Number of protein chains: 2
Amino acid sequence: MKELDAKDRDILGILSKEARIPLKTLAGRIGLSRSATSERVAALEKSGVIRGYRADIGQMDTNLVSAFLMVTLVSTPSIGVLDQLARYSEVRRVSSVTGQLDLMVEVEVPSIDRLNTLRDIIATHPSVQDLTTLIVLRRDIERRE
Amino acid sequence: MKELDAKDRDILGILSKEARIPLKTLAGRIGLSRSATSERVAALEKSGVIRGYRADIGQMDTNLVSAFLMVTLVSTPSIGVLDQLARYSEVRRVSSVTGQLDLMVEVEVPSIDRLNTLRDIIATHPSVQDLTTLIVLRRDIERRE
DNA sequence: GGTGTAACCGACGCTTTGCCGGATGCCCGA
DNA sequence: TCGGGCATCCGGCAAAGCGTCGGTTACACC
(Lines give C-alpha, C1' and ligand atoms only; values in the text may rest on other atoms or scores of the structure.)
Protein backbone atom coordinates (compact mmCIF):
# COMPACT_ATOMS: atom_id res chain seq x y z
CA MET A 1 0.00 0.00 0.00
CA LYS A 2 1.18 3.46 -0.90
CA GLU A 3 1.81 6.31 1.46
CA LEU A 4 -1.03 8.73 2.08
CA ASP A 5 -0.32 12.32 1.12
CA ALA A 6 -2.06 15.46 2.32
CA LYS A 7 -4.82 15.28 -0.26
CA ASP A 8 -5.59 11.70 0.65
CA ARG A 9 -5.97 12.79 4.24
CA ASP A 10 -8.24 15.60 3.17
CA ILE A 11 -10.40 13.12 1.30
CA LEU A 12 -10.59 10.80 4.29
CA GLY A 13 -11.42 13.67 6.60
CA ILE A 14 -14.28 14.81 4.40
CA LEU A 15 -15.65 11.36 3.60
CA SER A 16 -15.56 10.30 7.22
CA LYS A 17 -18.15 12.99 7.90
CA GLU A 18 -20.06 13.13 4.63
CA ALA A 19 -19.68 9.85 2.82
CA ARG A 20 -22.22 10.65 0.14
CA ILE A 21 -21.15 14.02 -1.19
CA PRO A 22 -20.77 14.14 -4.97
CA LEU A 23 -17.27 13.61 -6.35
CA LYS A 24 -17.47 16.99 -8.02
CA THR A 25 -17.97 18.74 -4.68
CA LEU A 26 -15.26 16.68 -3.06
CA ALA A 27 -12.89 17.46 -5.92
CA GLY A 28 -13.56 21.17 -5.61
CA ARG A 29 -12.95 21.11 -1.89
CA ILE A 30 -9.57 19.44 -2.11
CA GLY A 31 -8.49 21.28 -5.23
CA LEU A 32 -8.30 18.52 -7.82
CA SER A 33 -10.22 17.56 -10.92
CA ARG A 34 -13.15 15.24 -10.57
CA SER A 35 -11.46 12.37 -12.33
CA ALA A 36 -8.27 12.57 -10.30
CA THR A 37 -10.36 12.58 -7.16
CA SER A 38 -12.32 9.61 -8.41
CA GLU A 39 -9.12 7.66 -8.93
CA ARG A 40 -7.82 8.54 -5.49
CA VAL A 41 -11.03 7.46 -3.81
CA ALA A 42 -11.06 4.23 -5.77
CA ALA A 43 -7.46 3.56 -4.72
CA LEU A 44 -8.28 4.25 -1.09
CA GLU A 45 -11.16 1.81 -1.28
CA LYS A 46 -9.16 -0.91 -3.00
CA SER A 47 -6.21 -0.63 -0.64
CA GLY A 48 -8.53 -1.03 2.33
CA VAL A 49 -7.96 2.39 3.85
CA ILE A 50 -11.65 3.05 3.29
CA ARG A 51 -13.34 -0.06 4.60
CA GLY A 52 -16.86 0.91 3.68
CA TYR A 53 -19.56 3.50 4.07
CA ARG A 54 -22.13 3.44 6.84
CA ALA A 55 -25.29 5.37 7.53
CA ASP A 56 -25.29 6.93 10.95
CA ILE A 57 -28.60 5.87 12.46
CA GLY A 58 -30.22 7.86 15.24
CA GLN A 59 -31.83 6.33 18.28
CA MET A 60 -33.66 3.24 17.21
CA ASP A 61 -32.27 0.54 19.52
CA THR A 62 -33.79 2.58 22.29
CA ASN A 63 -34.34 -0.09 24.92
CA LEU A 64 -30.88 -1.62 24.90
CA VAL A 65 -28.89 -1.63 28.12
CA SER A 66 -25.22 -0.74 27.98
CA ALA A 67 -22.70 -1.64 30.64
CA PHE A 68 -19.02 -1.67 31.43
CA LEU A 69 -17.60 -4.86 32.93
CA MET A 70 -14.28 -4.27 34.65
CA VAL A 71 -12.39 -7.54 34.73
CA THR A 72 -9.35 -8.54 36.75
CA LEU A 73 -7.63 -11.72 35.61
CA VAL A 74 -5.65 -14.19 37.68
CA SER A 75 -2.84 -13.87 35.16
CA THR A 76 -2.46 -11.90 31.97
CA PRO A 77 -2.75 -12.52 29.14
CA SER A 78 -5.56 -15.00 29.11
CA ILE A 79 -6.59 -15.95 25.62
CA GLY A 80 -9.32 -18.23 26.90
CA VAL A 81 -11.34 -15.33 28.23
CA LEU A 82 -11.08 -13.39 24.98
CA ASP A 83 -12.24 -16.39 23.01
CA GLN A 84 -15.24 -16.73 25.21
CA LEU A 85 -16.07 -13.03 25.04
CA ALA A 86 -15.81 -13.07 21.26
CA ARG A 87 -18.59 -15.63 21.13
CA TYR A 88 -21.18 -13.21 22.42
CA SER A 89 -22.42 -10.64 19.95
CA GLU A 90 -23.54 -8.44 22.84
CA VAL A 91 -19.88 -7.79 23.61
CA ARG A 92 -19.17 -4.60 21.72
CA ARG A 93 -15.59 -3.96 22.67
CA VAL A 94 -12.84 -5.38 24.85
CA SER A 95 -9.76 -3.37 25.76
CA SER A 96 -6.65 -4.40 27.61
CA VAL A 97 -5.82 -1.60 30.00
CA THR A 98 -3.21 -0.51 32.51
CA GLY A 99 -3.93 -0.14 36.20
CA GLN A 100 -5.85 -2.07 38.79
CA LEU A 101 -7.79 -4.07 36.28
CA ASP A 102 -6.94 -5.93 33.12
CA LEU A 103 -9.87 -5.85 30.75
CA MET A 104 -12.54 -3.27 30.10
CA VAL A 105 -15.47 -5.03 28.48
CA GLU A 106 -18.27 -3.00 26.93
CA VAL A 107 -21.56 -4.78 26.33
CA GLU A 108 -24.98 -3.90 24.93
CA VAL A 109 -27.78 -6.22 25.96
CA PRO A 110 -31.54 -6.25 25.46
CA SER A 111 -32.33 -6.59 29.17
CA ILE A 112 -30.91 -6.52 32.68
CA ASP A 113 -31.58 -10.22 32.97
CA ARG A 114 -29.43 -10.88 29.99
CA LEU A 115 -26.74 -8.67 31.48
CA ASN A 116 -26.77 -10.70 34.66
CA THR A 117 -26.51 -13.93 32.72
CA LEU A 118 -23.59 -12.61 30.73
CA ARG A 119 -21.86 -11.30 33.83
CA ASP A 120 -22.24 -14.63 35.60
CA ILE A 121 -20.83 -16.51 32.65
CA ILE A 122 -17.80 -14.29 32.50
CA ALA A 123 -17.27 -14.09 36.24
CA THR A 124 -17.19 -17.86 36.63
CA HIS A 125 -14.49 -18.29 34.03
CA PRO A 126 -11.48 -19.79 35.81
CA SER A 127 -9.14 -17.04 34.61
CA VAL A 128 -11.34 -14.26 35.97
CA GLN A 129 -10.45 -13.14 39.45
CA ASP A 130 -12.76 -10.21 39.88
CA LEU A 131 -15.52 -8.51 37.94
CA THR A 132 -17.26 -5.22 38.58
CA THR A 133 -20.34 -4.17 36.63
CA LEU A 134 -21.23 -0.59 35.83
CA ILE A 135 -24.56 -0.07 34.12
CA VAL A 136 -24.83 2.96 31.87
CA LEU A 137 -27.67 5.17 33.02
CA ARG A 138 -27.25 7.83 30.40
CA ARG A 139 -24.91 8.84 27.57
CA ASP A 140 -23.98 12.38 28.46
CA ILE A 141 -21.64 12.90 25.54
CA GLU A 142 -21.28 10.79 22.43
CA ARG A 143 -19.14 11.77 19.47
CA ARG A 144 -19.08 9.92 16.20
CA GLU A 145 -16.59 9.62 13.35
CA MET B 1 -41.94 11.83 13.37
CA LYS B 2 -43.70 8.86 11.88
CA GLU B 3 -43.46 5.27 12.95
CA LEU B 4 -40.92 3.08 11.20
CA ASP B 5 -42.34 0.08 9.36
CA ALA B 6 -40.56 -3.10 8.30
CA LYS B 7 -39.31 -1.65 5.05
CA ASP B 8 -37.86 1.36 6.80
CA ARG B 9 -35.98 -0.97 9.08
CA ASP B 10 -34.74 -2.91 6.09
CA ILE B 11 -33.47 0.29 4.56
CA LEU B 12 -31.69 1.28 7.74
CA GLY B 13 -30.16 -2.15 8.09
CA ILE B 14 -28.77 -2.07 4.59
CA LEU B 15 -27.61 1.54 4.63
CA SER B 16 -25.90 1.12 7.98
CA LYS B 17 -23.56 -1.33 6.29
CA GLU B 18 -23.43 -0.04 2.71
CA ALA B 19 -24.29 3.61 2.70
CA ARG B 20 -23.37 4.17 -0.93
CA ILE B 21 -25.25 1.48 -2.79
CA PRO B 22 -27.36 2.80 -5.68
CA LEU B 23 -31.01 3.45 -4.95
CA LYS B 24 -31.92 1.00 -7.68
CA THR B 25 -30.11 -1.84 -5.91
CA LEU B 26 -31.55 -0.86 -2.57
CA ALA B 27 -35.03 -0.71 -4.05
CA GLY B 28 -34.65 -4.17 -5.54
CA ARG B 29 -33.46 -5.60 -2.27
CA ILE B 30 -36.37 -4.30 -0.23
CA GLY B 31 -38.94 -4.91 -2.93
CA LEU B 32 -40.05 -1.41 -3.84
CA SER B 33 -39.72 0.86 -6.83
CA ARG B 34 -36.75 3.13 -7.03
CA SER B 35 -38.72 6.31 -6.56
CA ALA B 36 -40.65 5.02 -3.55
CA THR B 37 -37.36 4.00 -1.99
CA SER B 38 -35.93 7.40 -2.76
CA GLU B 39 -38.80 9.08 -0.95
CA ARG B 40 -38.43 6.83 2.08
CA VAL B 41 -34.71 7.48 2.35
CA ALA B 42 -35.29 11.20 1.99
CA ALA B 43 -37.91 11.07 4.74
CA LEU B 44 -35.58 9.13 7.01
CA GLU B 45 -32.90 11.74 6.45
CA LYS B 46 -35.19 14.69 7.03
CA SER B 47 -36.72 13.25 10.19
CA GLY B 48 -33.26 12.71 11.65
CA VAL B 49 -33.40 8.93 11.83
CA ILE B 50 -30.47 8.90 9.42
CA ARG B 51 -28.07 11.42 10.86
CA GLY B 52 -25.49 11.22 8.11
CA TYR B 53 -23.18 8.98 6.16
CA ARG B 54 -19.64 8.24 7.19
CA ALA B 55 -16.74 6.50 5.54
CA ASP B 56 -15.32 3.77 7.70
CA ILE B 57 -11.59 4.48 7.77
CA GLY B 58 -9.09 1.79 8.59
CA GLN B 59 -6.44 2.41 11.18
CA MET B 60 -4.55 5.46 10.06
CA ASP B 61 -4.20 7.61 13.17
CA THR B 62 -2.56 4.60 14.68
CA ASN B 63 -0.58 6.51 17.25
CA LEU B 64 -3.57 7.82 19.17
CA VAL B 65 -3.80 6.88 22.83
CA SER B 66 -7.16 5.81 24.22
CA ALA B 67 -8.04 5.81 27.88
CA PHE B 68 -10.89 5.39 30.32
CA LEU B 69 -11.20 7.98 33.07
CA MET B 70 -13.32 6.75 35.94
CA VAL B 71 -14.72 9.74 37.76
CA THR B 72 -16.35 9.97 41.18
CA LEU B 73 -18.17 13.21 41.86
CA VAL B 74 -18.76 14.93 45.18
CA SER B 75 -22.44 15.11 44.32
CA THR B 76 -24.43 14.03 41.31
CA PRO B 77 -25.51 15.37 38.96
CA SER B 78 -22.90 17.94 38.22
CA ILE B 79 -23.59 19.83 35.04
CA GLY B 80 -20.43 21.88 35.41
CA VAL B 81 -18.22 18.87 34.83
CA LEU B 82 -20.12 17.83 31.71
CA ASP B 83 -19.85 21.31 30.28
CA GLN B 84 -16.14 21.26 30.78
CA LEU B 85 -15.75 17.80 29.29
CA ALA B 86 -17.77 18.78 26.25
CA ARG B 87 -15.23 21.49 25.48
CA TYR B 88 -12.50 18.99 24.69
CA SER B 89 -12.77 17.24 21.36
CA GLU B 90 -10.55 14.44 22.70
CA VAL B 91 -13.44 13.39 24.92
CA ARG B 92 -15.19 10.76 22.83
CA ARG B 93 -17.91 9.65 25.17
CA VAL B 94 -19.19 10.26 28.68
CA SER B 95 -21.59 7.88 30.42
CA SER B 96 -23.37 8.19 33.73
CA VAL B 97 -23.13 4.79 35.40
CA THR B 98 -24.28 2.93 38.46
CA GLY B 99 -21.95 1.64 41.14
CA GLN B 100 -18.88 2.95 42.89
CA LEU B 101 -18.25 5.68 40.37
CA ASP B 102 -20.37 8.25 38.61
CA LEU B 103 -18.94 8.98 35.19
CA MET B 104 -17.08 6.84 32.71
CA VAL B 105 -15.17 9.15 30.40
CA GLU B 106 -13.58 7.80 27.24
CA VAL B 107 -10.87 9.89 25.62
CA GLU B 108 -8.61 9.62 22.59
CA VAL B 109 -5.49 11.79 22.71
CA PRO B 110 -2.43 12.17 20.51
CA SER B 111 0.05 11.59 23.33
CA ILE B 112 0.47 10.50 26.93
CA ASP B 113 1.46 14.04 27.81
CA ARG B 114 -1.82 15.30 26.49
CA LEU B 115 -3.62 12.62 28.47
CA ASN B 116 -1.92 13.75 31.65
CA THR B 117 -2.85 17.34 30.97
CA LEU B 118 -6.45 16.41 30.35
CA ARG B 119 -6.59 14.24 33.44
CA ASP B 120 -5.18 16.99 35.62
CA ILE B 121 -7.67 19.48 34.29
CA ILE B 122 -10.58 17.20 35.04
CA ALA B 123 -9.26 15.99 38.38
CA THR B 124 -8.90 19.52 39.72
CA HIS B 125 -12.48 20.43 38.92
CA PRO B 126 -14.16 21.22 42.26
CA SER B 127 -16.96 18.71 41.66
CA VAL B 128 -14.57 15.83 41.03
CA GLN B 129 -13.78 13.79 44.12
CA ASP B 130 -11.76 11.00 42.61
CA LEU B 131 -10.37 10.05 39.21
CA THR B 132 -8.75 6.82 38.07
CA THR B 133 -7.06 6.54 34.70
CA LEU B 134 -6.92 3.34 32.66
CA ILE B 135 -4.83 3.51 29.51
CA VAL B 136 -5.88 1.20 26.71
CA LEU B 137 -3.00 -1.05 25.75
CA ARG B 138 -4.80 -2.94 23.05
CA ARG B 139 -8.26 -3.34 21.53
CA ASP B 140 -8.92 -7.04 21.80
CA ILE B 141 -12.40 -6.93 20.32
CA GLU B 142 -14.05 -4.11 18.44
CA ARG B 143 -17.42 -4.38 16.74
CA ARG B 144 -18.98 -1.74 14.59
CA GLU B 145 -22.52 -0.45 14.17
C1' DG C 1 18.59 14.55 -24.13
C1' DG C 2 15.73 10.49 -23.96
C1' DT C 3 12.80 7.52 -21.59
C1' DG C 4 9.85 5.70 -18.01
C1' DT C 5 6.51 6.48 -14.45
C1' DA C 6 3.06 8.77 -11.93
C1' DA C 7 -0.37 12.00 -11.58
C1' DC C 8 -3.19 15.34 -13.68
C1' DC C 9 -6.91 17.12 -16.84
C1' DG C 10 -11.02 17.24 -20.04
C1' DA C 11 -14.37 14.72 -22.67
C1' DC C 12 -17.38 10.85 -23.84
C1' DG C 13 -21.19 7.76 -22.92
C1' DC C 14 -23.57 5.21 -19.58
C1' DT C 15 -25.85 5.09 -14.97
C1' DT C 16 -28.13 7.12 -11.24
C1' DT C 17 -30.78 10.71 -9.29
C1' DG C 18 -34.57 14.20 -8.27
C1' DC C 19 -38.91 15.32 -9.54
C1' DC C 20 -43.23 15.09 -11.59
C1' DG C 21 -48.08 13.33 -13.02
C1' DG C 22 -51.07 9.78 -12.49
C1' DA C 23 -52.68 5.20 -10.37
C1' DT C 24 -53.82 2.50 -6.36
C1' DG C 25 -55.29 1.42 -1.70
C1' DC C 26 -57.37 2.82 2.68
C1' DC C 27 -59.82 5.51 6.13
C1' DC C 28 -63.82 8.02 7.56
C1' DG C 29 -67.90 10.94 7.41
C1' DA C 30 -72.28 11.70 4.95
C1' DT D 1 -72.44 2.20 0.37
C1' DC D 2 -70.50 5.81 -1.71
C1' DG D 3 -67.05 9.39 -2.52
C1' DG D 4 -63.51 12.65 -0.96
C1' DG D 5 -58.99 13.15 1.22
C1' DC D 6 -54.61 11.28 2.18
C1' DA D 7 -50.68 8.42 1.91
C1' DT D 8 -48.01 5.57 -0.90
C1' DC D 9 -46.87 3.59 -4.90
C1' DC D 10 -45.17 3.42 -9.91
C1' DG D 11 -43.00 4.87 -14.46
C1' DG D 12 -40.83 8.37 -17.23
C1' DC D 13 -38.18 12.50 -18.17
C1' DA D 14 -34.40 15.76 -17.78
C1' DA D 15 -30.41 16.77 -15.11
C1' DA D 16 -26.54 15.44 -12.63
C1' DG D 17 -23.50 11.87 -11.35
C1' DC D 18 -20.15 8.34 -12.48
C1' DG D 19 -16.15 5.30 -14.58
C1' DT D 20 -12.96 5.39 -18.16
C1' DC D 21 -10.21 6.85 -21.84
C1' DG D 22 -6.41 9.37 -24.46
C1' DG D 23 -3.45 13.13 -24.18
C1' DT D 24 -0.45 16.28 -21.31
C1' DT D 25 2.54 17.73 -17.83
C1' DA D 26 6.08 17.04 -14.23
C1' DC D 27 9.88 14.78 -12.51
C1' DA D 28 13.40 11.29 -11.65
C1' DC D 29 16.96 8.52 -13.52
C1' DC D 30 20.28 6.88 -16.71
Side-chain angles (χ1 to χ4, degrees), chain A residues 1-64 110 142-145, chain B residues 1-64 89 108 110 142-145:
Chain A
M1 189 191 110
K2 308 286 293 300
E3 206 54 34
L4 302 184
D5 65 8
K7 290 201 188 299
D8 285 323
R9 300 204 168 258
D10 286 349
I11 290 175
L12 293 176
I14 294 172
L15 285 183
S16 70
K17 294 190 181 57
E18 307 169 67
R20 280 186 120 180
I21 66 167
L23 269 182
K24 188 170 140 189
T25 311
L26 178 61
R29 228 181 281 183
I30 66 170
L32 276 184
S33 76
R34 193 187 57 78
S35 51
T37 307
S38 170
E39 280 159 22
R40 277 175 180 266
V41 173
L44 288 170
E45 288 169 354
K46 206 171 77 175
S47 72
V49 178
I50 294 178
R51 283 193 283 205
Y53 302 94
R54 327 216 168 276
D56 182 5
I57 308 298
Q59 80 301 345
M60 114 171 139
D61 300 324
T62 161
N63 41 7
L64 285 185
E142 174 108 42
R143 295 203 172 98
R144 299 260 167 175
E145 156 225 16
Chain B
M1 187 191 111
K2 307 285 295 301
E3 205 55 34
L4 302 183
D5 65 8
K7 290 202 186 298
D8 285 323
R9 300 205 169 257
D10 286 348
I11 291 175
L12 293 177
I14 294 172
L15 286 183
S16 69
K17 295 191 181 57
E18 307 168 66
R20 280 186 121 180
I21 65 168
L23 269 182
K24 189 170 142 188
T25 311
L26 178 61
R29 227 180 281 184
I30 66 170
L32 275 184
S33 76
R34 193 191 55 77
S35 47
T37 308
S38 170
E39 280 161 23
R40 277 174 180 268
V41 172
L44 288 170
E45 289 168 353
K46 205 171 78 176
S47 72
V49 178
I50 294 178
R51 283 193 283 205
Y53 302 95
R54 332 218 164 272
D56 182 4
I57 308 298
Q59 77 302 344
M60 87 168 168
D61 299 323
T62 165
N63 42 6
L64 284 185
S89 64
E108 233 174 50
E142 173 107 45
R143 296 204 171 96
R144 300 258 162 179
E145 155 224 14

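Proteins come first, then strands; the chains are lettered A, B, ... in the order of their sequence lines, and each starts at number 1. Note that the structure is a prediction, hence the values are computed from the model and not measured.
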Using atom [atom1] of [X] as one end and atom [atom2] of [N] as the other, report the distance to the nearest whole Å.
X: B/Arg20; N: D/dG19; atom1: CZ; atom2: P; value: 8 Å
X: B/Lys46; N: C/dC19; atom1: NZ; atom2: P; value: 11 Å
X: A/Glu45; N: D/dC18; atom1: CD; atom2: P; value: 11 Å
X: B/Arg34; N: D/dC13; atom1: CZ; atom2: P; value: 13 Å
X: B/Leu26; N: C/dT16; atom1: CG; atom2: P; value: 13 Å
X: A/Asp5; N: D/dC27; atom1: CG; atom2: P; value: 15 Å
X: B/Ile30; N: D/dT8; atom1: CD1; atom2: C1'; value: 13 Å

For this session: Kindly point out which of C/dT16, D/dC10, C/dC9 is positioned nearest to the side chain of B/Lys24?
Result: C/dT16
Exercise. Closest to the A/Glu39 side chain: D/dT8, D/dT20, C/dG18?
Worked result: D/dT20
Seminar exercise, completed: Minimal heavy-atom distance between A/Ile50 and B/Ala55, with the atoms involved, is CG2-CB, 4.4 Å
Problem set entry | Exercise: identify the closest heavy-atom pair between A/Arg51 and B/Ile57 | NH2-O, 3.6 Å
Exercise. Do B/Ser35 and D/dG11 share a donor-acceptor pair, side chain to base, under 3.5 Å?
Worked result: yes
Exercise. Does any non-hydrogen side-chain atom of B/Leu32 lie less than 4.5 Å from one of B/Glu39?
Worked result: no
Seminar exercise, completed: Note: for A/Gly31 and B/Leu23 on DNA chain C, the residue whose nearest nucleotide lies more 5' is A/Gly31
Exercise. Is the backbone of B/Ala19 close enough, under 3.5 Å, to the side chain of A/Arg20 for a donor and an acceptor to pair up by distance?
Worked result: yes
